[in-house]
Amino acid sequence: MRYYRFDSPQGRFVGNTEKYSVYEQVISEQRHEIPAETYQNLPGELTFAYGPATGGLMESVAFDMHTPGEVIKHIEVDPYVKTRKLKVKGLTPRDALLMVERINGFHAASNAVAFEMAVEDALDIDVPEGVQYSRLIMLELERIRSNLEVVKRVCEPAGFGVPQNQIAYLRENVARIISRLSGHRYFFSASSVGGCQISKSGIETRIGGVRKEFQEIFHALLQSKIFLNRLQNNGNISEGSLLGPAARAAGMNVDARLDETLIPYRKLGFRPFIFDEPDAFGRFYVRSQEILASADMILEALENSENSTEADTAGMNGEGAARIESPQGDLFYYVKISDGRIDDIQMSSPSLLNIDAFRKSMAGNIFTDYHFNWESFGIWISELAVVMQ
């Protein structure tokens with residue numbers, strides 16, 4: 001492994017796989033336990049069960065809210081009510097990639113690229129810099145669409161139908177850009193171990209148009225006191241293992257792109273946007289700024305991007321790991337390959353730690369503000385309830 005090593009825990013904790021705890025540069029067999037907090041209802045309080053399938057929830061997840069009425073005293077979140085088992089071990093990296101990129105279709109590029117980089121690390125496969133620029137374009141396009149989806153969902157509980165549908169229109173435009181770029185609205189089969197195949201024709205004009213339209217909507221939302229009042233001081237959390245936009249909204253200089261040595265973020269002068277309001281507004285603001293920044297990076301990367309065909313992995317052996325910045329934060333993959341087939345695969349999603357942060361941020365909040373806070377974290381349950389066999 002060129003970047004990661006097995007060692008005792010050290011550095012920033014980024015998540016747990018089924019077997020390991022993962023830090024910035026270290027994989028540890030010493031488990032980093034995330035303490036569970038229990039709560040006993042006081043007289044007059046009740047446990048309100050919300051989910052796993054109900055209006056207002058995009059994915060299957062169960063909440064138990066302890067409350068005397070409006071105020072939520074404590075909340076428990078169970079994301080594993082719809083666990084999926086994926087049979088990946090024994091497959092070639094090429095066949096395994098078909099499973100990995102479908103773990104979360106909305107983040108297919110992030111999961112695919114992180115898995116491919118782990119395989120390339122394991123098998124000492126060098127990827128041309130131009131292909132890494134193409135991967136950067138994929139990842140940043142996916143970040144724009146994912147952040148647009150979160151901003152849209154934050155508008156929904158406010159009853160802001162006009163900006164909600166304007167942003168849905170922009171999200172659809174980005175999906176069509178992705179389709180023209182890769183041949184699929186969710187990047188399926190656009191990249192491979194050692195390679196990438198995208199078409200850049202007409203991207204510059206289209207992504208520039210999305211950037212301009214979103215900037216106008218964003219500035220209009222900032223003028224609405226009604227909207228801002230629902231977000232500000234809602235779900236304050238600035239301590240603990242926050243990842244992604246949730247961490248950056250809390251003033252933490254945390255972003256896997258800062259550590260990246262293969263995907264050329266540094267050559268584009270990447271700097272994360274750091275904010276100092278650790279609430280739903282701060283998370284909305286950071287995501288909005290990242291939409292604009294990602295569009296700028298894509299426009300810069302287009303000139304240097306190249307395509308390349310898939311590398312041959314038949315009969316090869318090794319173990320490797322990679323971590324990228326997905327739209328929600330650090331996404332990690334570890335693979336062990338024996339005779340050209342997956343012998344072990346481990347994955348850590350940023351949503352695991354962000355769920356714990358959301359849970360803590362809800363204490364003392366009220367139910368009518370719950371949806372704003374939940375959506376602002378941008379948590380994806382589909383990346384958590386996965387067992388890879």
Side-chain angles (χ1 to χ4, degrees), residues 11-15 22-25 106-107 109-110 113-114 136 139-154 167 211 214-215 218-219 221-222 228 231-260 263 265-266 268-298 323-332 348-362 372-380 383:
R12 182 169 65 91
F13 174 59
V14 297
V22 183
Y23 299 81
E24 288 173 295
Q25 297 179 346
F106 226 76
H107 293 168
S110 297
V113 170
L136 183 150
L139 293 172
E140 296 308 312
L141 262 175
E142 185 167 83
R143 192 179 320 281
I144 291 175
R145 180 171 60 182
S146 182
N147 285 341
L148 283 172
E149 173 65 19
V150 173
V151 174
K152 177 184 79 70
R153 284 154 59 180
V154 169
I167 295 169
R211 187 193 192 286
F214 177 74
Q215 193 165 33
F218 174 50
H219 286 161
L221 286 171
L222 292 179
L228 299 186
L231 302 181
Q232 290 175 323
N233 294 315
N234 182 352
N236 275 295
I237 179 83
S238 57
E239 297 178 348
S241 299
L242 290 163
L243 299 179
R248 294 189 282 278
M252 301 178 185
N253 192 16
V254 170
D255 195 311
R257 289 173 288 184
L258 290 170
D259 304 326
E260 184 56 60
I263 300 178
Y265 284 105
R266 294 181 184 180
L268 297 183
F270 168 75
R271 292 288 184 276
F273 182 83
I274 309 298
F275 205 42
D276 59 357
E277 292 198 35
D279 53 15
F281 172 74
R283 295 184 280 276
F284 153 78
Y285 197 89
V286 167
R287 288 183 189 280
S288 298
Q289 292 292 342
E290 291 188 356
I291 290 170
L292 304 176
S294 293
D296 292 340
M297 274 194 285
I298 291 168
R323 175 170 55 91
I324 66 158
E325 184 74 11
S326 78
Q328 317 310 334
D330 301 73
L331 176 65
F332 169 87
S348 169
S349 160
S351 290
L352 178 68
L353 294 186
N354 284 335
I355 273 189
D356 190 55
F358 161 76
R359 185 180 61 76
K360 292 175 179 173
S361 75
M362 279 302 296
F372 294 96
N373 191 25
W374 170 250
E375 300 297 357
S376 73
F377 276 91
I379 289 165
W380 285 88
E383 291 184 358

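These numbers come from a predicted model, not from an experiment.
- Side chains of M362 and W374 form no contact here, defined as non-hydrogen atoms less than 4.5 Å apart.
- Between S146 and Q328, the side chains place a donor N or O and an acceptor N or O closer than 3.5 Å (distance only, hydrogens not considered).
- Taking both residues in full, the closest heavy atoms of E325 and G244 are given as OE2-CA, 3.5 Å, listed atom of the first, atom of the second, then distance.
- A heavy-atom distance below 4.5 Å is found between the side chains of R283 and N373.
- Each of I144, D296, I291 was checked for a side-chain contact (heavy atoms from CB on, under 4.5 Å) with R211, and the lone residue meeting it is D296.
- Between the CZ atom of R248 and the CZ atom of F273 there is a distance of 11.0 Å, given to the nearest 0.5 Å.
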Verdict with supporting geometry, S288 and V151, side chain to side chain contact (heavy atoms under 4.5 Å, CB included): CA-CA 8 Å; S288 298; V151 174; 3.9 Å; yes

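- Here CG of L136 is found 6.0 Å from CG of L268. Values are rounded to the nearest 0.5 Å.
- Of the possible polar contacts, none joining the S361 side chain to the N236 backbone as a donor-acceptor pair under 3.5 Å is found.
- Heavy atoms only, all atoms of each residue included: L228 and L222 are closest at CD1-O, 3.4 Å.
- Side-chain N or O atoms of E375 include none that pairs as donor or acceptor with a backbone N or O of R153 at under 3.5 Å.
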V113 vs I263, side chain to side chain contact (heavy atoms under 4.5 Å, CB included): CA-CA, chis, key distance, verdict: CA-CA 10 Å; V113 170; I263 300 178; 4.1 Å; yes

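- Going from atom OG of S349 over to atom CD1 of I355 covers 8.5 Å, rounded to the nearest 0.5 Å.
- A salt bridge links E140 with R143: the distance from a Lys NZ or Arg NE/NH1/NH2 to an Asp or Glu carboxylate oxygen falls below 4.0 Å.
- Side-chain contact between S110 and L331 is present, with heavy atoms from C-beta onward closer than 4.5 Å.
- For the residue pair V14 and S348, the shortest heavy atom distance occurs at O-OG, 3.8 Å.
- Across V22 and F13, no two heavy atoms sit closer than the pair O-CD1, 3.4 Å.
- A donor-acceptor contact shorter than 3.5 Å is absent between the side chain of Q232 and the backbone of F281.
- When side chains are defined from C-beta on, S241 does not count as touching D356, because their heavy atoms never get closer than 4.5 Å.
- In this structure, the side chain of R266 engages the main chain of L258 through a donor-acceptor pair within 3.5 Å.
- In this structure, R257 contributes its side chain and F270 its backbone to no donor-acceptor pair below 3.5 Å.
- Between the side chain of E383 and the main chain of P350, no donor-acceptor pair closer than 3.5 Å is present.
- L242 and A357 make their closest contact through CD2-CB, 3.2 Å (heavy atoms, listed as atom of the first residue, atom of the second, distance).
- Figure legend: cation-pi geometry between R145 and F106, with NZ or CZ positioned under 6.0 Å from the six-membered ring centre and within 45° of its axis.
- Side-chain atoms of R287 come within 3.5 Å of backbone N or O of F377 as a donor-acceptor pair.
- Ring to ring, F284 and F218 are close: their centroids are under 6.0 angstrom apart.
- Nearest approach of A246 to N354, heavy atoms of both residues: CB-OD1, 4.0 Å.
- Note that the NE2 atom of H107 and the CG atom of L139 stand 11.0 Å from one another [nearest 0.5 Å].
- Taking CG of N233 as the start and CG of D279 as the end, the distance is 6.0 Å to the nearest 0.5 Å.
- Salt bridge status for R271 with D255: absent, with no side-chain N to carboxylate O gap under 4.0 Å.
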Working for side chain to side chain contact (heavy atoms under 4.5 Å, CB included), residues L141 and S294: CA-CA 7 Å; L141 262 175; S294 293; over 6 Å; no

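- Cation-pi contact between R323 and F332: absent, since separation from the ring centre below 6.0 Å together with deviation from the ring axis within 45° is not met.
- To the nearest 0.5 Å, atoms CD1 (I274) and CE (M252) are separated by 10.5 Å.
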